[in-house]
Amino acid sequence: MKLRVVKNILEANERIADENRKIFKEAKVFVINIMSAPGAGKTSLIERTIKDLKSKIKIGVIEGDIAGSDDARRIDSLGIPVVQINTGGGCHLDANMINVVMKDLPLKKLDLLIIENVGNLVCPAEFVLGEDIKVMLLSIAEGDDKPLKYPLMFQESSALILNKIDLLPYTNADLGKIKKDSLSLNPKLKIFEVSCKTGEGINKWTEWIRSKVK
């Protein structure tokens with residue numbers, strides 16, 4: 001019985017995600033779903049991405065958090081259309097949440113929509129939102145054991161961003177192990193090493209994203 005309930009939830013989510021996907025396609029907006037653990041730097045990455053690209057393409061953001069609107073305020077200060085979703089305890093965004101708020105964004109005027117999922121290394125990878133790609137953000141400070149402990153996040157993502165590389169000398173994290181284990185789970189994974197604090201490596205990430213936006 002429990003398995004059937006879970007299956008029904010995922011099937012219902014998939015149907016709404018298909019609706020979202022059609023709406024995004026009609027609006028000609030490329031959609032990225034960014035996932036990570038809490039504190040890995042998703043909002044900082046989005047801020048850096050906006051600053052690099054906003055003169056070249058039109059960007060909108062959906063912020064997902066359990067509570068609060070601090071991240072949405074940070075994005076709003078950059079002059080970017082942003083909508084906040086508070087899940088009220090839910091550990092991930094789902095397709096219906098995105099469907100409800102997309103009317104609050106000028107989708108047809110956007111080239112790129114970035115969805116910041118709730119900080120969690122498990123559930124966000126299980127629920128499609130209608131996005132074009134998922135992107136996994138991993139902070140070096142989290143350690144090098146995460147790929148094999150949370151494989152679905154890495155298997156579902158098109159790109160892995162290794163953030164906070166400026167902290168590498170102060171941790172025991174083995175960058176080579178992270179890359180090797182990640183690629184063993186997903187050989188097609190595109191990997192970027194960045195520091196959202198210093199800006200190192202950000203240009204390679206934003207150039208890649210821009211190449212995805214038609």
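Remember, it's a predicted structure, so these values are computed and weren't measured experimentally. In this chain, numbering begins with 1 at the start of the sequence shown.
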Peer 1: For residues Trp205 and Val135, determine if any side-chain heavy atom of one lies less than 4.5 Å from a side-chain heavy atom of the other.
Peer 2: yes
Peer 1: Are Ile202 and Leu45 close enough that some pair of their side-chain heavy atoms sits under 4.5 Å apart?
Peer 2: yes
Peer 1: Looking at CG of Asp132 and CG of Leu112, how far apart are the two atoms once the value is rounded to the nearest 0.5 Å?
Peer 2: 9.5 Å
Peer 1: With the 4.5 Å side-chain cut-off for hydrophobic clustering, are Val118 and Val101 part of the same group?
Peer 2: yes
Peer 1: Going by distance alone, is a donor N or O of one side chain under 3.5 Å from an acceptor N or O of the other, for Thr43 and Asp71?
Peer 2: yes
Peer 1: Any idea which heavy atoms bring Pro38 and Asn120 closest together, and the distance?
Peer 2: CD-N, 4.0 Å
Peer 1: Taking all heavy atoms of Ala37 and all of Lys42, pick out the closest pair and write down the distance.
Peer 2: O-NZ, 3.7 Å
Peer 1: Please identify each residue that fulfils ring-ring contact (aromatic ring centres under 6.0 Å, His included) with Phe127, with sequence neighbours left out.
Peer 2: His92
Peer 1: Do Asn163 side-chain atoms and Ala40 backbone N/O form a donor-acceptor pair below 3.5 Å?
Peer 2: yes
Peer 1: When you group the ILVMFWY residues by side-chain heavy-atom contacts below 4.5 Å and let the links chain together, are Leu107 and Met97 in the same group?
Peer 2: yes
Peer 1: First locate atom CD of Glu142, then atom CD1 of Ile178, and finally report the distance between them rounded to the nearest 0.5 Å.
Peer 2: 9.0 Å
Peer 1: Quick one: pull up CD1 in Ile9 and CD in Glu11 and give me the separation to the nearest 0.5 Å.
Peer 2: 11.0 Å
Peer 1: With a 4.5 Å cut-off on side-chain heavy-atom distances among I, L, V, M, F, W and Y, is there a chain of contacts connecting Leu110 to Val31?
Peer 2: yes
Peer 1: Can you tell me how far apart NZ (Lys134) and CD1 (Ile34) are? Round to the nearest 0.5 Å.
Peer 2: 13.0 Å
Peer 1: Please answer whether the main-chain N or O of Phe154 pairs with a side-chain N or O of Asn186 as donor and acceptor at a distance below 3.5 Å.
Peer 2: yes
Peer 1: Hey, is the main chain of Asp144 close enough, under 3.5 Å, to the side chain of Asp174 for a donor-acceptor pair?
Peer 2: no
Peer 1: What is the minimum heavy-atom distance between Phe24 and Leu129, and which atoms define it?
Peer 2: CE1-O, 4.3 Å
Peer 1: Indicate if Phe30 and Ile23 have the same hydrophobic cluster label, given that clusters are the connected sets of ILVMFWY residues with side-chain heavy-atom separations under 4.5 angstrom.
Peer 2: no
Peer 1: Under the salt bridge (charged side-chain N to carboxylate O under 4.0 Å, His left out) rule, collect the residues that match up with Lys103, sequence neighbours excluded.
Peer 2: none
Peer 1: Are Tyr150 and Val122 packed together at the side-chain level, in the sense that at least one heavy-atom pair is separated by less than 4.5 angstrom?
Peer 2: yes
Peer 1: Within this structure, what is the CG-CD1 distance for the pair Asn33 and Ile114, rounded to the nearest 0.5 Å?
Peer 2: 11.0 Å
Peer 1: Less than 3.5 Å apart, which donor and acceptor atoms pair up between the side chains of residues 51-66 and the rest of the protein, not counting sequence neighbours?
Peer 2:
unit_1: Asp52; atom_1: OD2; unit_2: Thr206; atom_2: OG1; d: 3.3
unit_1: Lys54; atom_1: NZ; unit_2: Leu78; atom_2: O; d: 3.0
unit_1: Asp65; atom_1: OD2; unit_2: Gln84; atom_2: NE2; d: 3.3

Peer 1: How close do Glu126 and Leu10 get, counting heavy atoms only, and between which atoms?
Peer 2: O-CD2, 3.8 Å
Peer 1: Test your reading of the model: is there a side-chain donor-acceptor pair from Asn96 to the backbone of Ile16, 3.5 Å cut-off?
Peer 2: no
Peer 1: Work out which heavy atom in Glu156 is nearest to a heavy atom in Ala125; give both atom names and the distance.
Peer 2: CG-O, 3.8 Å
Peer 1: Could you check whether any side-chain heavy atom of Glu193 comes within less than 4.5 Å of a side-chain heavy atom of Lys179, counting everything from C-beta outward?
Peer 2: yes
Peer 1: Would you say Ile191 and Ile165 are hydrophobically clustered, going by side-chain heavy atoms of ILVMFWY under 4.5 Å?
Peer 2: yes
Peer 1: Between Arg21 and Asp18, does at least one N-O distance fall below 4.0 Å, as a salt bridge requires?
Peer 2: yes
Peer 1: Work out which heavy atom in Lys164 is nearest to a heavy atom in Gly39; give both atom names and the distance.
Peer 2: NZ-O, 2.8 Å
Peer 1: Rounded to the nearest 0.5 Å, what's the gap from CZ on Arg74 to OG on Ser69? Could you check?
Peer 2: 12.5 Å
Peer 1: So among Asp94, Asn117, Leu93, which one has a side chain to side chain contact (heavy atoms under 4.5 Å, CB included) with Ile85?
Peer 2: Leu93
Peer 1: So, the side chain of Ser195 versus the backbone of Thr198: is there a donor-acceptor pair under 3.5 Å, distance only?
Peer 2: yes
